[in-house]
A.B. asks: 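One structure coming up, written as structure tokens, with questions to follow.
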Amino acid sequence: MPKLGMEPIRRAALVEATIAEIGEAGHLDVTVSKIAKRAGMSSALAHHYFGSKDDIFLAAMRQILRDYSAEVRRHLTGAKTPLARAEAIIRANFANSCFDPGTVSAWMTFYVQAQANPEALRLLSLYQRRLRSNLTHALRPISDTPRRDADTLAALIDGLYIRAALTKPDADPQGTALRLLHTLTGTT
């Protein structure tokens, strides 16, 4: 088996440290030095691997999006009906891996960064289109207005994330989203 070099290990450590630092701080005003220290390396090495704080943050968001995608696929496994598919997508959005405080803070920072950074905007647009597409596909057989309902559910998901970032999260954000799904589709 080929030996794994230090670069992928260090990059992964920096990405993990970035998410943890943003989660702890609640915003992007963290330094590369703090990120590097948490990852157990120098800030010069962090800059060597990524170039800038923005690049480190974009790598962290790509990782969060990969984790989210894996969570959606995991939840969709075994979802046999359209309603079960829509429920699985909602459950994936509120899975512990996607809804922990560090990840929620990173998402909120991601939304802010997308206003000024074209690459962040591109990633955010990809996520939003994929969420809408997945929900629309699931809702098409059970809703008279699948696109509108998908947009409503996506907005609720975003709103619950914002609420979690700014205040204490709802006791049951997943339940809130599932209740809306059932209301929109007239299912139980």
Side-chain angles (χ1 to χ4, degrees), residues 1-77 88-135 154-155 157-166 169 173-174:
M1 178 160 44
K3 183 178 176 184
L4 186 62
M6 287 306 294
E7 182 173 351
I9 294 168
R10 288 181 177 151
R11 282 178 166 271
L14 285 165
V15 164
E16 186 177 311
T18 300
I19 295 167
E21 283 294 323
I22 291 169
E24 195 173 286
H27 49 75
L28 190 55
D29 289 339
V30 296
T31 64
V32 173
S33 178
K34 285 186 88 171
I35 292 168
K37 183 176 180 179
R38 183 177 285 247
M41 62 189 83
S42 70
S43 59
L45 201 51
H47 282 290
H48 168 75
Y49 286 125
F50 287 102
S52 70
K53 183 171 79 169
D54 280 350
D55 293 335
I56 296 170
F57 182 67
L58 288 170
M61 283 317 302
R62 284 186 198 98
Q63 183 60 51
I64 287 171
L65 289 169
R66 279 191 295 275
D67 293 345
Y68 166 74
S69 179
E71 197 70 55
V72 170
R73 286 191 307 274
R74 187 178 73 74
H75 277 80
L76 284 172
T77 302
I89 294 164
I90 289 168
R91 284 190 178 95
N93 276 276
F94 299 105
N96 288 339
S97 65
C98 296
F99 206 65
D100 72 77
T103 302
V104 170
S105 290
W107 271 106
M108 293 304 102
T109 304
F110 183 42
Y111 276 88
V112 171
Q113 191 180 34
Q115 294 177 36
N117 182 310
E119 180 61 15
L121 179 60
R122 186 187 73 76
L123 290 173
L124 180 59
S125 296
L126 285 171
Y127 155 74
Q128 290 172 330
R129 286 193 309 267
R130 177 66 53 88
L131 176 60
R132 182 179 191 217
S133 173
N134 284 340
L135 285 169
I157 289 166
D158 286 344
L160 291 168
Y161 268 81
I162 290 168
R163 184 178 290 170
L166 298 177
Q174 177 178 289

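Residue numbers run from 1 in the order of the sequence given. Note that the coordinates shown come from a computational prediction; the quantities given were computed from them, not determined experimentally.
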A.B. asks: Are there more than 12 heavy atoms of other residues, nucleotides or ligands under 6.0 Å from atom CD of Gln174?
C.D. replies: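 Yes, the 6.0 Å shell around CD holds more than 12 heavy atoms from other groups.
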
A.B. asks: With rounding to the nearest 0.5 angstrom, report the CG to CD distance, Leu14 to Gln63.
C.D. replies: 12.5 Å

A.B. asks: Would Asp54 and Gln113 count as a side chain to side chain contact (heavy atoms under 4.5 Å, CB included) if you check the C-alpha gap in whole Å, the side-chain angles of each, and the deciding distance to 0.1 Å?
C.D. replies: CA-CA 9 Å; Asp54 280 350; Gln113 191 180 34; 3.0 Å; yes

A.B. asks: Could you report the tightest heavy-atom contact between Ala36 and Ala46, atom names first, then the distance?
C.D. replies: CB-CB, 4.1 Å

A.B. asks: I'd like to know if the side chain of Ser125 reaches the main chain of Leu121, judged simply by a donor and an acceptor atom lying under 3.5 Å from each other, with no hydrogens or angles considered.
C.D. replies: yes

A.B. asks: Taking only residues two or more places apart in sequence or in another chain, which ones pass side-chain contact (heavy atoms from CB on, under 4.5 Å) with Ala12?
C.D. replies: none

A.B. asks: Can you tell me how far apart CG (Asn117) and CE (Met61) are? Round to the nearest 0.5 Å.
C.D. replies: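 If we round to the nearest 0.5 Å, Asn117:CG and Met61:CE are 11.5 Å apart.
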
A.B. asks: Of the options Ile162, Thr103, Ile22, which is the one that meets Met108 in a side-chain contact (heavy atoms from CB on, under 4.5 Å)?
C.D. replies: Ile162

A.B. asks: Mark yes or no for whether Lys34, through its side chain, and Ala17, through its backbone, hold a donor-acceptor pair below 3.5 Å.
C.D. replies: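 Checked: no pair found.
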
A.B. asks: Quick test of your reading: applying ring-ring contact (aromatic ring centres under 6.0 Å, His included), list the pairs with at least one residue in residues 48-69, sequence neighbours left out, ordered by first then second residue.
C.D. replies: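 For residues 48-69: Tyr68-Tyr127.
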
A.B. asks: Please enumerate all residues that pass side-chain contact (heavy atoms from CB on, under 4.5 Å) together with Ala60, with sequence neighbours excluded.
C.D. replies: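 In terms of side-chain contact (heavy atoms from CB on, under 4.5 Å), with neighbours along the sequence ignored, Ala60 is linked to Val15, Thr18, Ile19.
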
A.B. asks: Could you walk me through whether Arg62 and Glu119 pass salt bridge (Lys or Arg N to Asp or Glu O under 4.0 Å), step by step?
C.D. replies: CA-CA 11 Å; Arg62 284 186 198 98; Glu119 180 61 15; 3.2 Å; yes

A.B. asks: How far does NZ of Lys53 sit from OG of Ser33, to the nearest 0.5 angstrom?
C.D. replies: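 Those atoms lie 11.5 Å apart.
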
A.B. asks: Which atom names give the shortest non-hydrogen contact between Cys98 and Ala92, and what distance separates them?
C.D. replies: SG-O, 3.5 Å

A.B. asks: Give the C-alpha distance, both sets of side-chain angles, the deciding distance and a yes or no for side chain to side chain contact (heavy atoms under 4.5 Å, CB included) between Asn93 and Leu131.
C.D. replies: CA-CA 10 Å; Asn93 276 276; Leu131 176 60; 3.9 Å; yes

A.B. asks: Once rounded to the nearest 0.5 Å, what's the spacing between atom CG of Asp67 and atom CD of Glu71?
C.D. replies: 8.5 Å

A.B. asks: Write down the atom of Ala39, the atom of Ala13, and the distance for their closest heavy-atom approach.
C.D. replies: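 Minimum heavy-atom contact is CB-O, 3.7 Å.
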
A.B. asks: For the OG atom of Ser69 and the CD1 atom of Ile64, what is their distance to the nearest 0.5 Å?
C.D. replies: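 The CD1 atom of Ile64 is 13.5 Å from OG of Ser69, to the nearest 0.5 Å.
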
A.B. asks: Can you confirm whether Phe94 sits close enough to Leu160 that some side-chain heavy atom of one is under 4.5 Å from a side-chain heavy atom of the other?
C.D. replies: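 In contact.
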
A.B. asks: Any side-chain donor paired with an acceptor under 3.5 Å for Arg73 and Thr77?
C.D. replies: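 No, because no side-chain N or O of Arg73 sits under 3.5 Å from a partner of the opposite role on Thr77.
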
A.B. asks: How many angstroms lie between CZ in Arg38 and CD in Glu21, if you round to the nearest 0.5 Å?
C.D. replies: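 These two atoms lie 4.0 Å from each other.
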
